[in-house]
Amino acid sequence: MLMNSKTYIAAAFVALAFGAPAQADERYAPVRDQTVIKECGACHMVFQPQMLPAKSWSKIVDGLANHFGEDASLDADTARQIKAYLVKDAADAGWWGGKFMRGLSKTSAPLRITETPYWVREHNEEVPQRAWSDPKVKSKANCLACHSRADKGNYDDD
Amino acid sequence: MKIRIIVPLHPKLIIAVLALSLLPIQGSASELRQQIIAGFAQDAKLKNSGFAGFSAGRGQTLFLSKPATGKPDTPSCTTCHSINPAAKGQTRAGKEIAPMAVSKTPERFTDSKKVEKWFRRNCKSVLGRICTALEKGDFVTFMSNQ
């Protein structure tokens, strides 16, 4: 059979419609910036920027002197560099909007990934309440306690 | 014909040479730490001419204290660093922290920028203010003996 351009387009649609949902898709590009890895990673897993909108990241970096109840302040240069990196790949950075924008209005800027509607839905359905009080988990910010490859951007093991 | 394998160095000699080659690395870590402590001593003297050296005991008291003047989620240094300096700690987000005791983590307090950054943050979190040079010197002296 000869494939003309129409056939290709039709094939692409078929792949989009049936192919994609069959694959595990909780994957995010891992953070590669050494400054972000060093500074954010000193206290917690380096969360992927795709998990919060740009406004959230700005608020978080600007508020590091009181970061969820801790002083995590940085010198101005380092803070600026980290903010630029996070904002560039934020959940709302592309025209299509990332998964973490689902259920979020364009103006909202949550400070916790664990308070976004997408995160809440994904975890409420499957995670029993008692799992959160396991001392090995300690905090909802401890993705690695259950997603062993979360730092590589891979959350398929859910 | 007999083949003789020549061993030019006695094994004990090799071990001795290896041990010697490791010494400078160890030496430089404690040298760097001594420099950092010396810096704190200079500042402490500037503030108080009667400064009579650092005290591991006072450092321990600071480490274990619950001053209740800082942020509610971080009542003490031990909130994250564990009550035993030789044990691993844990951040509030569940990440492991290497022991503060120098005997367990030899590279502790050897990078002046890192030391100052964490004193600034952690003293603000726990005490609600920055630490004095005396407090910093006492703390590092205590952990160096652990």
Side-chain angles (χ1 to χ4, degrees), chain A residues 31 34-48 51-52 60-79 81-82 111-115 119 123 127 131-152, chain B residues 62-63 65-84 87-100 104-132 135-136 139-140 143:
Chain A
V31 171
Q34 288 309 309
T35 307
V36 175
I37 291 171
K38 177 180 167 222
E39 298 298 346
C40 307
C43 297
H44 52 70
M45 191 198 89
V46 184
F47 307 116
Q48 288 82 29
M51 297 189 169
L52 282 175
I60 288 169
V61 177
D62 292 343
L64 283 177
N66 193 356
H67 187 62
F68 305 106
E70 272 171 53
D71 186 313
S73 55
L74 286 166
D75 64 90
D77 261 0
T78 310
Q81 199 181 326
I82 290 175
L111 291 179
R112 291 177 192 272
I113 294 168
T114 56
E115 281 169 6
W119 190 97
H123 292 82
V127 183
W132 300 114
S133 43
D134 186 319
K136 283 203 213 91
V137 176
K138 188 159 166 124
S139 155
K140 282 186 178 173
N142 189 5
C143 310
L144 284 163
C146 305
H147 304 281
S148 61
R149 286 161 297 168
D151 53 340
K152 316 249 170 1
Chain B
L62 170 68
F63 180 63
S65 70
K66 295 193 174 106
T69 47
K71 299 180 193 288
D73 290 321
T74 52
S76 169
C77 305
T78 60
T79 305
C80 299
H81 291 300
S82 134
I83 204 140
N84 172 9
K88 287 177 195 157
Q90 200 185 27
T91 68
R92 290 169 52 236
K95 194 179 179 226
E96 194 176 292
I97 304 177
M100 290 304 266
K104 297 281 175 192
T105 315
E107 64 273 22
R108 281 274 176 236
F109 319 112
T110 53
D111 172 350
S112 150
K113 261 183 132 169
K114 176 178 178 182
V115 171
E116 290 295 359
K117 176 175 89 178
W118 288 100
F119 269 128
R120 186 192 72 234
R121 289 174 161 184
N122 294 344
C123 291
K124 284 246 191 81
S125 294
V126 174
L127 302 153
R129 59 166 174 82
I130 56 169
C131 279
T132 63
E135 287 168 324
K136 294 183 207 172
F139 185 84
V140 175
M143 290 303 175

Neighbour count >12 (heavy atoms, 6.0 Å) for atom [atom1], [X]:
X	atom1	answer
K140(A)	NZ	yes
L111(A)	CG	yes
I37(A)	CD1	yes

Out of A93(B), G94(B), C123(B), which one racks up the most heavy-atom pairs below 4.5 Å with chain A? A93(B)
Kindly indicate whether the side chain of N66(A), heavy atoms from C-beta on, has any atom under 4.5 Å from the side chain of K71(B). yes
Do R92(B) and N142(A) have side chains that approach each other closer than 4.5 Å (heavy atoms only, starting at C-beta)? no
E70(A) backbone acceptor or donor facing S125(B) side chain under 3.5 Å: no
Looking only at heavy atoms, what is the nearest atom pair of R120(B) and L74(A), with distance? NH2-N, 3.8 Å
The test is side-chain contact (heavy atoms from CB on, under 4.5 Å); show your working for R121(B) and S73(A) and say whether it passes. CA-CA 7 Å; R121(B) 289 174 161 184; S73(A) 55; 4.2 Å; yes
What part of A65(A) lies closer than 4.5 angstrom to a heavy atom of chain B: side chain, backbone, both or neither? backbone
Non-hydrogen atoms of chain B under 4.5 Å away: do they reach the side chain of L64(A), the backbone, both or neither? neither
As an exercise: rank K136(A), M45(A), H44(A) by heavy-atom pairs under 4.5 Å with chain B and give me the winner. H44(A)
